[in-house]
Amino acid sequence: MGVGIYAFGYLTPWPFWHPVKILGNVSGIVVIAALTVFLWRRIVDQAKAGKSTYSDWLFLAILLLTTLTGFLCQWLRLADLRALAYPAYFVHLIFIFFLLVYIPYSKFAHLVYRTVAMLHSGGRAR
Ligand code: HEM
């Protein structure tokens, strides 16, 4: 969306059937499905999933809340309920902020640690 807005001046909101919107919605559904499986395994199959720590729950919960509020923003906009859509967007942005700021203290840290570890082992191999 950022590329469309800033590189091509194609301002939002984009129509529901725009390929980028379809990708956003499909990705959102896939994220919710994946999170449901991960949460379910941690709750029901505790022995197999191993010990669940604060950082495991934090990451799953915040990513779920971010995705759900994202969908809420879109539905409220499509329903033209502005008084609710703007606050929902505010909440969506707070969760995104939380997700990014808490990268070092949540499972999201793998994003950085794993990349560095792969680079390190690749460098050693060479
Ligand atoms: C990890 C980050 C994010 C996740 C998981 C996420 C998730 C979602 C999802 C699933 C939707 C509904 C599907 C769609 O409209 O395409 C959505 C909508 C939306 N998101 Fe996010 N989002 C994220 C980051 C952002 C960021 C960084 C912004 C803006 C700065 C943003 C602004 C919006 C807006 C404005 C909508 C409503 C779009 C509409 O009304 O059609 N999101 N988000």
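FYI, the numbering just counts along the sequence from 1. The figures here come from the full heavy-atom set of this structure, side chains too, leaving out hydrogens, waters and symmetry mates. Atoms within a ligand are numbered from 1 in the order they appear, just like the ligands themselves.
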Item to check | Single-linkage hydrophobic cluster, 4.5 Å side-chain cutoff, Leu65 and Ile103 together | outcome: yes

Checklist entry - Mind checking whether Tyr54 and Ile62 sit in one hydrophobic cluster, side chains of I, L, V, M, F, W, Y counted as touching below 4.5 Å? => result yes

Checklist entry - Can you list the atoms of ligand 1 that are under 4.0 Å from a heavy atom of Tyr89? => result 29 (C), 30 (C), 32 (C), 33 (C), 34 (C), 35 (C)

Item to check | Residue Gly28 vicinity, atoms of ligand 1 by number, heavy atom under 4.0 Å | outcome: 10 (C)

Checklist entry - Going by the angle between their ring planes, with limits at 30° and 60°, are Trp14 and His18 parallel, tilted or perpendicular? => result tilted

Checklist entry - Hey, which atoms in ligand 1 end up nearer than 4.0 Å to a heavy atom of Arg77? => result 39 (C), 40 (O), 41 (O)

Checklist entry - Counting each atom of ligand 1 from 1 as listed, which ones have a heavy atom of Leu99 under 4.0 Å away? => result 1 (C)

Next on the checklist: Using 0.5 Å steps for rounding, measure from the OH atom of Tyr105 to the OG atom of Ser55.
Outcome noted: 13.0 Å

Next on the checklist: Just so I know, are the side chains of Asp56 and Arg42 near enough to count as touching, which here means a heavy-atom distance under 4.5 Å?
Outcome noted: yes

Checklist entry - Mind checking whether Phe97 and Leu64 sit in one hydrophobic cluster, side chains of I, L, V, M, F, W, Y counted as touching below 4.5 Å? => result yes

Checklist entry - Can you name the nearest heavy-atom pair linking Phe71 to Ile29, along with the distance? => result CZ-N, 3.7 Å

Next on the checklist: Can you name the atoms of ligand 1, numbered from 1 with element, that are less than 4.0 Å from a heavy atom of Lys21?
Outcome noted: 14 (C), 15 (O), 16 (O), 38 (C), 39 (C), 41 (O)

Next on the checklist: Would the distance check show the side chain of His92 and the main-chain N or O of Thr66 forming a donor-acceptor pair, the cut-off being under 3.5 Å?
Outcome noted: yes

Item to check | Atom pair CG (Leu58) and CG (Leu99), whose distance is rounded to the nearest 0.5 Å | outcome: 8.5 Å

Checklist entry - What atoms in ligand 1 come closer than 4.0 Å to a heavy atom of Leu93? => result 29 (C), 30 (C)

Checklist outcome for this item: Given a cut-off of 2.8 Å, the protein N, O or S atoms lying below it from atom 21 (Fe) of ligand 1 are His92 NE2

